[in-house]
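Here the structure comes first, spelled out in structure tokens, and everything after it is commentary.
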Amino acid sequence: MANGLFISFEGIDGAGKSTHIAGLAQAFQAQGRVVTLTREPGGTPLAEQLRALVLNEPMDALTEALLMFAARREHLLQKIEPALARGEVVLCDRFTDATFAYQGGGRGFGLDVLSKLEHWVQHTSAPTSEEAADRIRNPDLTLWFDLAPELAAQRLSGARVPDKFESQSVDFFRKVAAGYAARMAGAPQRFARIDAAQERHKVWQQITAAIVRRGYLAIMVASNSGPA
Ligand code: TYD
């Protein structure tokens, strides 16, 4: 049985992750892998209910961070861990880096508290010792779609009714982007930075190159123009 593979997709709103996630799912399926496509906050019925609250209701920054991690705990236990145990490829639209970027960078919430929550929520076995408590589930690879906040705002404008985060200022997204950069600096081997300002087919090439380089896909996908 193939080993489970966990890939997350990150970036500020408007960076253009969505079509590429679908394209990557097809590429893995074409190579015989079973793919679980999922997202955060959300991914299970309860976590999707939390998503509706957290994306639409005004709330204090700690409440927001706690709800993100509550949804994540549910998502990990009910969906992500079982899929990885079955040897599937889990493609997750956002994960914990988003909490560090949005609640940490954007809202200015303390990173030490977020780190504690990350450890509590993502430990993979009951912590019987400090060492066990330190084993936390993180993606094998995180594709960070890096785009200047001004460009992202242009792409988002007029697209649809914005949610609580999408309607934030360019300045907020600058802080979110700095939060992502700090997360990447802390775990450079886990991240691949994608220059999301490029044309779509070039973005797709960067993504497949990062994945092939790590041996997760055996060959380049036949089409080099990316998902339709
Ligand atoms: P997004 O992933 O952009 O979904 P859609 O494309 O359907 O709008 O929306 C999720 C929003 O939630 C996004 O603005 C980032 C925010 N978010 C956080 O603030 N913290 C988190 O931990 C996560 C997972 C998301």
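Each ligand, and each atom within it, is numbered from 1 in the order the structure gives.
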Before you tell me yes or no, could you show the steps for Asp97 and Tyr102 under side-chain hydrogen bond (donor to acceptor under 3.5 Å, both in side chains), namely the whole-Å CA-CA distance, both residues' side-chain angles and the distance that decides it to 0.1 Å? CA-CA 8 Å; Asp97 299 312; Tyr102 280 78; over 6 Å; no

One finds that the ligand 1 atoms under 4.0 Å from a non-hydrogen atom of Lys17 are 2 (O)

message: Salt bridge check, Asp140 against Arg190: does any charged N sit closer than 4.0 Å to a carboxylate O?
response: no

Any heavy atom of Glu64 under 4.0 Å from ligand 1? The part involved is neither

Among Thr99, Leu156, Leu55, Val176, closest by heavy atom to atom 12 (O) of ligand 1 is Leu55

Between the CD1 atom in Ile7 and the SG atom in Cys92, the distance rounded to the nearest 0.5 Å is 11.0 Å

When you compare the side chains of Ser115 and Asp112, does any donor N or O come within less than 3.5 Å of an acceptor on the partner? no

Gln103 N/O to ligand 1 N/O under 3.5 Å: yes

Query - Donor-acceptor side-chain pairing of Glu118 and Thr96 below 3.5 angstrom - result: no

the protein heavy atom lying closest to atom 6 (O) of ligand 1 turns out to be Arg160 NH2, 3.6 Å

Taking only non-hydrogen atoms of Tyr102 and a 4.0 Å limit, the atoms of ligand 1 in range are 14 (O), 15 (C), 18 (C), 19 (O)

Margin query: Check this for me: does any side-chain nitrogen of one of Arg174 and Glu150 sit under 4.0 Å from a carboxylate oxygen of the other?
Written below: yes

| field | Within 6.0 Å of NZ in Lys164, more than 12 heavy atoms from elsewhere | value | yes

Looking only at non-hydrogen atoms, the one of Gln168, Met68, Glu166, Arg51 nearest atom 7 (O) of ligand 1 is Arg51

among protein heavy atoms, the one nearest atom 25 (C) of ligand 1 is Pro41 CD, 3.5 Å

Residue, atom and distance of the protein heavy atom nearest atom 16 (C) of ligand 1 read Phe165 CD1, 3.7 Å

**OP:** May I ask you to check if ligand 1 and Glu40 share an N or O to N or O distance below 3.5 Å?
**Re:** no

for atom 23 (C) of ligand 1, nearest protein heavy atom and its distance come out as Ala98 CB, 3.6 Å

Here the atoms of ligand 1 under 4.0 Å from any heavy atom belonging to Arg72 are 22 (O), 24 (C)

Q. When the ring planes of Phe6 and Phe95 are compared, do they come out parallel, tilted or perpendicular, using 30° and 60° as the limits?
A. perpendicular

Within 4.0 Å of some non-hydrogen atom of Asp13, the atoms of ligand 1 are 3 (O), 13 (C), 14 (O)

- Is the cationic atom of Arg107 (NZ for Lys, CZ for Arg) positioned less than 6.0 Å from the six-membered ring centroid of Phe109 and within 45 degrees of its normal? no

A student comparing Glu10, His75, Arg94 should find that the heavy atom closest to atom 10 (C) of ligand 1 comes from Arg94

